[in-house]
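Chain A is the first sequence line, chain B the second, and so forth, proteins listed ahead of strands; every chain is numbered from 1.
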Amino acid sequence: MTTPSGVRDPARLSGRATPPTLLHHRVTAWFSEEARELPWRDPACSPWGILVSEVMLQQTPVVRVLPVWSEWLERWPTPGELASEPAGAAVRHWGRLGYPRRALRLHAAASAIVLQHGGVVPSTREDLLALPGVGAYTAAAVAAFAYGRRETVVDTNIRRVHARLFAGSALPAPALTAAEMRRAEELLPEDDALSVRWNAAVMELGAVICTARAPACGSCPVQDACAWVAAGRPAPDHVPKGQAWAGTDRQVRGAMVAVLRAAESPLPRALLIRGPLDLGSGPPPGITSAGPDQLPGALGALHGLQAPAEQHERALAGLLSDGLAEETDGSIHLPS
DNA sequence: CAGCCGTGGTT
DNA sequence: TAACCAAGGCT
């Protein structure tokens, strides 16, 4: 089998200044043809729009982010506009994206951007990293995609592509290793613009072709250079540890936040711990037909879990501790 | 650093 | 259907 570039040659990988290779060309050319048209990839998209997208995309699929992102950018076109509202508004409009603490952190990031950066999303990895909810991946991604900087962007897609293409493994290690970072740095083209395109292209390749479950190797632009394919696509050597869900505090917290999002005014604490007792003329207990985004349905879902009151107490304490909820005069509400 | 933090579509 | 998985971050 012919190797289309010298990248698989260890001598190349050990070099500092990596020149563009045929591999770079193939992947970026594929990206030019096949990239999905996503709103945050529009050249007119602001750095703020890109930051919001990156945070929303943390552990959340693109298709679910799209409508919420559009609503956010319409409602809060700049960090200043989000920062001028209570944090609870961010949580409320987070919808069902999951991990609602991200909304809280994005709101805090907006405030920091206003107070410390004059309302302009910072452009360096270091300044971005100091923002709440912005870690190594998001900082590099925003610096690269919003400001055209040459950064080593490593997300789960890029890790998987590298693991297969170069290491011949089905999946990357459970946690990002120093060796992986080093390899990603060495693969990064020297040219700023090309490096940005390379980062985006490899990420897209992992998201669309080199997927975790059923990779479409037949459509891959670098299939003939892939060590994993060459090895006969061996199965993963480690079993990913699944995360429990049913019966966990997380499940109760999630249902509880859904109730707070759906509520237009503070709710009596007892309503979150016991059943939906007094909703005025409100719904009878156990009603779920109203849907998860309406108060009766959200309350029905929370109490339909049949979790012990102690677990409700623990979940609520966690929410209060995390700042996802506040208590005023015995009533619970989203943060102000 | 291992565990925790949501949600819903897919297999 | 239970399990897996999705542009991670924080403690």
Taking it one step at a time, do A:Asp155 and A:Arg160 satisfy salt bridge (charged side-chain N to carboxylate O under 4.0 Å, His left out)? CA-CA 9 Å; A:Asp155 77 324; A:Arg160 188 173 53 249; over 6 Å; no

With heavy atoms under 4.0 Å as the rule, sort [X] into base, sugar-phosphate or nothing.
{"X": "A:Ala214", "result": "nothing"}
{"X": "A:Trp94", "result": "nothing"}
{"X": "A:Thr138", "result": "sugar-phosphate"}
{"X": "A:Arg64", "result": "base"}

For [X] and [N], give me the distance from atom [atom1] to atom [atom2], rounded to whole Å.
{"X": "A:Leu57", "N": "C:dG9", "atom1": "CG", "atom2": "P", "answer": "12 Å"}
{"X": "A:Arg41", "N": "C:dA7", "atom1": "CZ", "atom2": "P", "answer": "11 Å"}
{"X": "A:Leu176", "N": "C:dA7", "atom1": "CG", "atom2": "P", "answer": "15 Å"}
{"X": "A:Glu54", "N": "C:dG9", "atom1": "CD", "atom2": "C1'", "answer": "14 Å"}

Between A:Arg101 and A:Asp322, is the salt bridge (charged side-chain N to carboxylate O under 4.0 Å, His left out) condition met? List the steps. CA-CA 8 Å; A:Arg101 52 176 57 183; A:Asp322 287 350; 2.7 Å; yes

Which two nucleotides bound the region of DNA chain B that has atoms under 4.0 Å from heavy atoms of chain A, read 5' to 3'?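 Contacts span B:dC5 to B:dT11, reading 5' to 3'.
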
Along DNA chain B (nearest heavy atom to each residue), the more 5'-positioned of A:Arg96 and A:Ala175: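 The residue closer to the strand's 5' end, by nearest nucleotide, is A:Ala175.
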
Do [X] and [Y] touch side chain to side chain, with heavy atoms closer than 4.5 Å?
{"X": "A:Arg164", "Y": "A:Ser169", "value": "no"}
{"X": "A:Arg183", "Y": "A:Arg159", "value": "no"}
{"X": "A:Phe31", "Y": "A:Leu205", "value": "no"}

Quote, to the nearest angstrom, the [atom1] distance that separates [N] from [M].
{"N": "B:dG3", "M": "C:dA7", "atom1": "P", "answer": "24 Å"}
{"N": "B:dG8", "M": "C:dG9", "atom1": "P", "answer": "23 Å"}
{"N": "B:dC1", "M": "C:dT11", "atom1": "C1'", "answer": "10 Å"}

Residue met sooner reading DNA chain C from 5', once A:Leu129 and A:Asn157 are mapped to nucleotides: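 Its nucleotide being nearer the 5' end, the pick is A:Asn157.
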
Other members of the hydrophobic cluster containing A:Leu176, with the 4.5 Å side-chain heavy-atom rule, please.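 For the cluster that includes A:Leu176, the remaining residues are A:Val154, A:Met181.
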
Would you tell me whether A:Trp76 and A:Glu85 have side-chain atoms, one donor and one acceptor, within less than 3.5 Å of each other?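 Present: a donor and an acceptor within the cut-off.
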
Will you find, in the side chains of A:Ser195 and A:Arg149, an N or O donor that is under 3.5 Å from an N or O acceptor?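 No.
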
Produce the list of close N/O pairs, under 3.5 Å, pairing protein atoms with atoms of nucleotides 2-5 of chain C; give distances to one decimal.
from  : atom 1 : to       : atom 2 : distance (Å)
C:dC4 : O4'    : A:Arg213 : NH2    : 3.3
C:dC4 : O2     : A:Arg213 : NH2    : 2.4

Respond yes when some side-chain nitrogen or oxygen of A:Ser53 is under 4.0 Å from OP1 or OP2 of C:dA7, and no when none is.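 Negative; the distance criterion is not met.
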
State whether A:Gln59 places a side-chain N or O below 4.0 Å from either non-bridging phosphate oxygen (OP1 or OP2) of C:dG8.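 The answer is yes; a side-chain N or O of A:Gln59 sits under 4.0 Å from OP1 or OP2.
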
Pull out every residue in residues 312-325 of chain A that has a heavy atom closer than 4.0 Å to any atom of DNA chain C, ordered by number, or say none.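 Residues of residues 312-325 of chain A that come under 4.0 Å of DNA chain C do not exist, since none gets that close.
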
Give me the residues of residues 97-117 of chain A where at least one heavy atom lies under 4.0 Å from an atom of DNA chain C, by number, or none.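 Of all residues in residues 97-117 of chain A, the ones placing a heavy atom under 4.0 Å from DNA chain C are A:Arg105.
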
Grab the two heavy atoms, one from A:Arg36 and one from A:Arg41, that are nearest each other, plus how far apart they are.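 In this case the closest contact between A:Arg36 and A:Arg41 is O-NH1, 2.9 Å.
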
Is there a path of hydrophobic side-chain contacts, each under 4.5 Å between heavy atoms of I, L, V, M, F, W or Y residues, that connects A:Tyr99 with A:Met56?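 Each belongs to a different hydrophobic cluster.
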
Quick check: are there more than 12 heavy atoms from other residues, nucleotides or ligands sitting under 6.0 Å from NE2 of A:His25?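 Open.
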
Show the atom names and distances, to 0.1 Å, of all donor-acceptor pairs under 3.5 Å that link a side chain in residues 116-131 of chain A to residues at least two apart or in another chain.
from     : atom 1 : to       : atom 2 : distance (Å)
A:Thr124 : OG1    : A:Asp127 : N      : 3.1
A:Thr124 : OG1    : A:Asp127 : OD2    : 3.4

Quick check on the 6.0 Å ring-centre criterion: do A:Trp94 and A:Trp72 meet it?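 Distance test on ring centres: under 6.0 Å, yes.
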
